[in-house]
Structure formats: structure tokens, C-alpha cells
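Worksheet for the structure shown next.
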Amino acid sequence: MDATPGIPPAVTEETGPFWAAAREGRLVVEQCASCGAESFPPRGICRSCRGRTMVHAEITGRGTVYSLTVNHQRWLPGLQVPYAIVLVEFPGHPGVRVAGRLRGCPPEEAAIGMTVDIGFEPGPGGFAIPSFVAAP
Amino acid sequence: MGTDLLERRAVISGVGQSAIGRRVERSGLQLTLDAVLAAVEDAGLTLDDIDGLAMFPGGGAANLPGYANGNLYEVQDALRITTTWRQGIIEGMALPFYGPAMAVATGQARHVVVWRTVKEGSAARAAGGRPAYGAGKPVAEGPLAWLLPIGMLSPVCQVAPYAARYMHEYGVTREQLAWIPVTQRAHAALNPDAVYRSALTVDDYLAARMISTPMCLYDCDVPADGATAIVVSAAGTAPALRAPVRIEAMAGVVEGRPSWEQWEDMGRVGHGAARAMWARTGLRPGDVDVAQLYDGFTIEAVWWLEAMGFCGTGEAGAFVEGGERIALDGELPLNTWGGQLSGGRLHAAFGHTAEAVRQLRGEAGARQVRGAEVAAVTNVGGLEAGAALLTRWN
């Protein structure tokens, strides 16, 4: 798969583990060692109890599309349009909503409430970017 | 409540603008100087009276082509102003006059001029009509680090899922929301400085190309070139001012998440700022005669209509449908200069503030709302959020 054009992310102490796991096809979020709450994006502190000890938890299983957009504008040279961007939430993981591309169905079939599998695709700067897959 | 509020110790004394258009062939500095000089004259002041300067944004915020222009120190030098107070910011901006009002209310300055200069119209043309966030930066930082890599390359892509979820939850339709850009275009037709003045119909809106669903071309404001300057003065100087306007109440609140796609509830942006503002005044939403609500996108005017209490949550579609309520002779004339959707993205509620001042002075020409005594002004929401009421001097 050709890499998706875009702007690569700056990698920080907080976000490094997410992008490293993404390269392995895994979706990880921060989880508080004290209260167990998960949060995203990573801040190095628990957004629920403000605990400072965070571990990384992998989310597996299917997600649900909370909202979406289908972009039609070619913002950068070489950008293939249209494409769907989905905001995905995961059952049993409150506090986590991840934005990513959608594949596995035509963009116009993307819908709120649809079920998706976790996935990644080659993105700008050699990063793997979230790319959810429409569940059959 | 009462005169002990700091904003009651400040007034807006002047507004001025440069030429405004899709493309104005002057540098950002020259546009800025045109607007500043016009605003100071409009206030009935001279440059010697000015002792505070502020601009939005400050340095280092050039993340969109044409977005940030110039440098506060260049303007200070060009005009030979001695300043006891300065500000160039994004964080804490809230409203154009928010920081300046605090400066004059606390005696740090007597007359502050604050400006916003955009060259995004020219920049869009230079980029082939498609400037993207991050185009001037090799990497995406902060909240944008999660958005630019996946193709949410413009603010329109970033706010679109909010609009989609809002419309899904409340059953609001594009046919209803069309009335915001359509009605504002009718207002722009009466504003000689508006960028787009030709008639726009609901059918035009529905036939327009999609940018990022559910947002079509006419849901997006117009990249423009132009500068707006506003003079904020200590209330005690009012006798020397030509036509001051009161700041009845103002509030700036940042709450929730720092980017739209992370908001837990996609119907509540702006509510915190509006609530904080209403707590500072005895006036109620029904007292507002004219509303200049931030409209970088149609959906932003929607959330401000609801946040400010002009209608209930989820009710903005029905409120604007048909356009009567938000027309110049309606119960809540909305963005009477055309807003950013037709008047141009003068940005950060600078155009909205200038129009509110003109309406309250009775200086809005063919688009004047008769008997306007109370104006609402709001800014952005979802990140920086500001809400204010301005009132007529007499």
C-alpha cells in the first residue's frame, strides 16, 4: 500500500508508545495504574484521578463509529479523494475515542454506529496511522 | 454584579479596517497600519494617546499559510508608540477586547489598540486554493498530531464530525442549516466591504460541492486579506471619545477537550463561556437586539445560538429555518455584516466586534438594525471560547 500523504506527527515522551505500537499494528492507550481509567490522547497523567503512574493498555476487538466525515478536498498534492475519517469508540473503554481513516467500504457507506475492526496503514513520514476496517 | 466588574471600567472606543477582499495587494504591515490608524481616528484619539498594543496571534503561530502576519514590535516601531502594555497571544484570547479591557481596567494602559491581520486570501491563491494546516511545518504538534497524519488536514475536516454527530443526534438537516449562510449573504449584499455580495439561495447551497461532509462550500468561511483594529479605552476617558460602546459583560472559558473530535457531547461547545457571561449581567437572551456570533463554519454559529440561549440545545435548525428570525428585521438579526461566511474570515471575532460597535452606534448604513441597544459577540468555542454583550453608550 502506498503511504497516505499528510503531515507526520511530532513524537513526544507521551505519544511515543502509541506510534511505536501502531507500527506493530496495535492500538495502545494510557491506563492509570491507580484507578484503571483509560484516556486518550496520552497526557502522562490520569484524566480521571490525576494519578501520575500510567501504563499502556492495548485495545482489542471491534469499535463503533461515533461520528465521521468524508473529505472531498485535495488539501495536498497527491492526496486521493474522497476518503472517510471516522471517530471510533470501543465498548468497555470509556474515555477513549480515536480518529482514523476508514477502509473496507466505499467512503459514502460510512455511517454513525457502524462496526469497525482496528487497523493501521502506512502514513506520512513512515508512521503507521490508524485505519479502521469496516466489519463485514 | 454591577460597576465593580472590570469590563465596566473599559469601553470600546474605536474600530477601523483596511481594504478587505479575496486579494488585497498590500503587505500585512500596510494593512495593519491602515486599520490601526482608522481605528484610532474613529475613537476620536491620536496615536499619542495610545499606550497599549495587542495582536492576534502572537509570533510562532504560523500554522496556516497567510494566517499570522507581522510582528507587534514592527508596528510599535513604525508608529513610534511608547507602550506600557502589550499582548500577542492565542491562549487567553477569548475575545479581541478581553485582554485589552483587563489592561485598561487595571490601569496598565489607558488606550489599547488590538488588531488582527489576515492574508489568507492571497495565500489560498498562491497554494492553488488549497492551503492545508501544517503546510509550513514539517511535523504536526499538539492536538493536530492526531489529525494531520490521518488526513484531517484543515479545520473543516476537524469540525465536520462534530457537525455530523450533532445533526444525527438532534435530527437537524442541511436544508435547515442552509438558512444561516443564505441569510447572512443577504446581509452581506448591504455591506460594501463584504467579500461576497451576490444572492445565495437554499438551492445554491444544496447544489454546492462538498468539502468534508456534511460541510459544503457555503458552510466554510471565506479566506480573505484584510486587517481589523479595535481601540479599547479606560471608561474614565469616555468624555474625550467620539462614540464609545459599553462592555456590559464578557467571559472567556476553555473547558472540555482541546480539539473538536474529542468532545464528549457534540452539542455543548460554547456553553461554559456563555453561562459565565450571563452570570455577569442582569440582561437576558431576549434583551439582545443583534447577534454577531462566530461563524468560521455554519456549525459554529449553530452552537453559539444554542450556547447563548437564543434557542434550546438541538433547536437551532428549527430556529433558523426560513431565515425570518435571523433577518435584519427578525427577532435576532444574525451576523449583519455577512459574517465570516460572506464578509470574509477576518477571524477571531474581530469582524464581529467591529460590526457590533457600528450597529450600537447606528453607523451600520443600509444594514442598520433599528434601535439596536444590546449586541452579543462570541468567538470560536471548542478551544478558546469567548462571549460578551456590548451595549449602547446612551
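This is a predicted model, so every value here is computed, not measured.
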**Message:** Looking at every heavy atom in both B:Gln262 and A:Arg97, which two are closest together, and how far apart are they?
**Reply:**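 Nearest heavy atoms, B:Gln262 then A:Arg97: NE2-O, 2.9 Å.
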**Prompt:** Can you name the closest pair of heavy atoms from B:Glu169 and A:Tyr66 and give their distance?
**Reply:**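 In this case the closest contact between B:Glu169 and A:Tyr66 is OE2-OH, 3.8 Å.
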**Item:** A:Glu24, CD atom: more than 12 neighbouring heavy atoms under 6.0 Å
**Value:**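 Correct, the count exceeds 12.
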**Request:** Inspect the surroundings of CZ in A:Arg52 and state if more than 12 heavy atoms from other residues, nucleotides or ligands are less than 6.0 Å away.
**Result:**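 No.
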Please identify, among [options], the residue contributing the most non-hydrogen atom pairs under 4.5 Å to chain B.
| options | answer |
| --- | --- |
| A:Ser131, A:Pro124, A:Pro9, A:Gly95 | A:Pro9 |
| A:Gly123, A:Ala84, A:Pro82, A:Pro8 | A:Pro8 |
| A:Val86, A:Val98, A:Leu68 | A:Leu68 |

**Prompt:** Can you find a heavy atom in the side chain of A:Leu79 that is under 4.5 Å from one in the side chain of B:Leu153?
**Reply:**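 In contact.
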**Asked** With a 4.5 Å limit on heavy-atom distance, are the side chains of A:Trp75 and B:Val156 in contact?
**Response**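 They are in side-chain contact.
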Would you give the length of the straight line joining atom [atom1] of [X] to atom [atom2] of [Y], rounded to the nearest 0.5 angstrom?
| X | Y | atom1 | atom2 | result |
| --- | --- | --- | --- | --- |
| A:His72 | B:Leu217 | NE2 | CG | 13.0 Å |
| B:Ile150 | A:Arg101 | CD1 | CZ | 8.0 Å |
| A:Ile7 | B:Glu141 | CD1 | CD | 12.0 Å |
| B:Met152 | A:Thr69 | CE | OG1 | 7.0 Å |

Return a table of donor-acceptor pairs under 3.5 angstrom between the side chains of residues 54-62 of chain A and protein atoms on other chains or two or more places apart.
| unit_1 | atom_1 | unit_2 | atom_2 | d |
| --- | --- | --- | --- | --- |
| A:Glu58 | OE1 | A:Arg26 | NH1 | 3.3 |
| A:Arg62 | NE | A:Asp117 | OD1 | 2.8 |

**Request:** Heavy-atom distances under 4.5 Å only: say whether A:Phe127 touches chain B with side chain, backbone, both or neither.
**Result:**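 Neither part, no heavy atoms under 4.5 Å.
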For each of [options], tally heavy-atom pairs with chain A at distances under 4.5 Å, and name the one with the top tally.
| options | answer |
| --- | --- |
| B:Gly142, B:Ala163, B:Ala160, B:Gly151 | B:Gly151 |
| B:Arg209, B:His168, B:Arg257 | B:Arg257 |
| B:Ala164, B:Ala145, B:Pro149 | B:Pro149 |

**Message:** Going by side-chain contact (heavy atoms from CB on, under 4.5 Å), B:Pro161 matches just one of A:Ile85, A:Ile112, A:Leu87. Which one?
**Reply:**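 Of all the options given, the one that passes is A:Leu87.
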**Request:** Kindly write out the residues that satisfy side chain to side chain donor-acceptor pair (under 3.5 Å) with B:Glu321, not counting sequence neighbours, or none if the list is empty.
**Result:**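 Residues passing side chain to side chain donor-acceptor pair (under 3.5 Å) with B:Glu321: B:Gln176.
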**Message:** Parallel, tilted or perpendicular: which one describes the rings of A:Phe18 and B:Trp146, with boundaries at 30° and 60°?
**Reply:**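 Perpendicular.
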**Asked** Under the side chain to side chain contact (heavy atoms under 4.5 Å, CB included) criterion, do B:Tyr166 and A:Ser67 qualify, and how do the steps go?
**Response** CA-CA 9 Å; B:Tyr166 168 85; A:Ser67 195; over 6 Å; no
**Request:** Give a yes or no on whether the backbone of A:Ala99 and the side-chain of B:Glu261 come within a donor-acceptor separation of less than 3.5 Å.
**Result:**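 No, B:Glu261 side chain to A:Ala99 backbone: no donor-acceptor pair under 3.5 Å.
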